[in-house]
Amino acid sequence: MEERSNGMSIAGFIVSLGSLFLGLWGLTGLVGVVLSAVGRSQAVNNGGKTGLATAGIVLGIIGAAYCWIMMIIALI
């Protein structure tokens, strides 16, 4: 069986990982979640692996939430 890589999953994971270090008001996390969700959907439809996409979704949510929490704390 041939292994297939999914570019959207990889891009989503990298952007989501970057969102942990570069907040930009949580937008990087949201972009990473969207890319990872599209990549996961493509992987499911093509019978590929979904691990990187799932990790990208989780990291993107954590990165965006952390940024929003820090902004709220800064405003208080």
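Everything numeric here is computed off the predicted structure, so don't read it as measured data.
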Is it possible for you to say whether [X] and [Y] belong to one hydrophobic cluster, with membership spreading through side-chain heavy-atom contacts below 4.5 Å?
X   : Y   : result
V38 : V15 : yes
L59 : F21 : yes
I14 : L52 : yes
I57 : V34 : no

Spacing of [atom1] belonging to [X] relative to [atom2] belonging to [Y], to within rounding of 0.5 Å:
X   : Y   : atom1 : atom2 : value
W68 : L30 : CH2   : CG    : 4.0 Å
S9  : K49 : OG    : NZ    : 12.0 Å
I76 : M71 : CD1   : CE    : 12.0 Å
L17 : T28 : CG    : OG1   : 11.5 Å
L27 : C67 : CG    : SG    : 8.0 Å

*State whether the side chain of S19 and the backbone N or O of S16 hold a donor-acceptor pair below 3.5 Å, judged by distance alone.*
yes

*Stepwise, does the side-chain contact (heavy atoms from CB on, under 4.5 Å) test hold for V58 with I62?*
CA-CA 6 Å; V58 171; I62 291 171; 3.8 Å; yes

*Check M8 against G39 and note the closest heavy-atom contact, atom names and distance.*
CB-CA, 3.5 Å

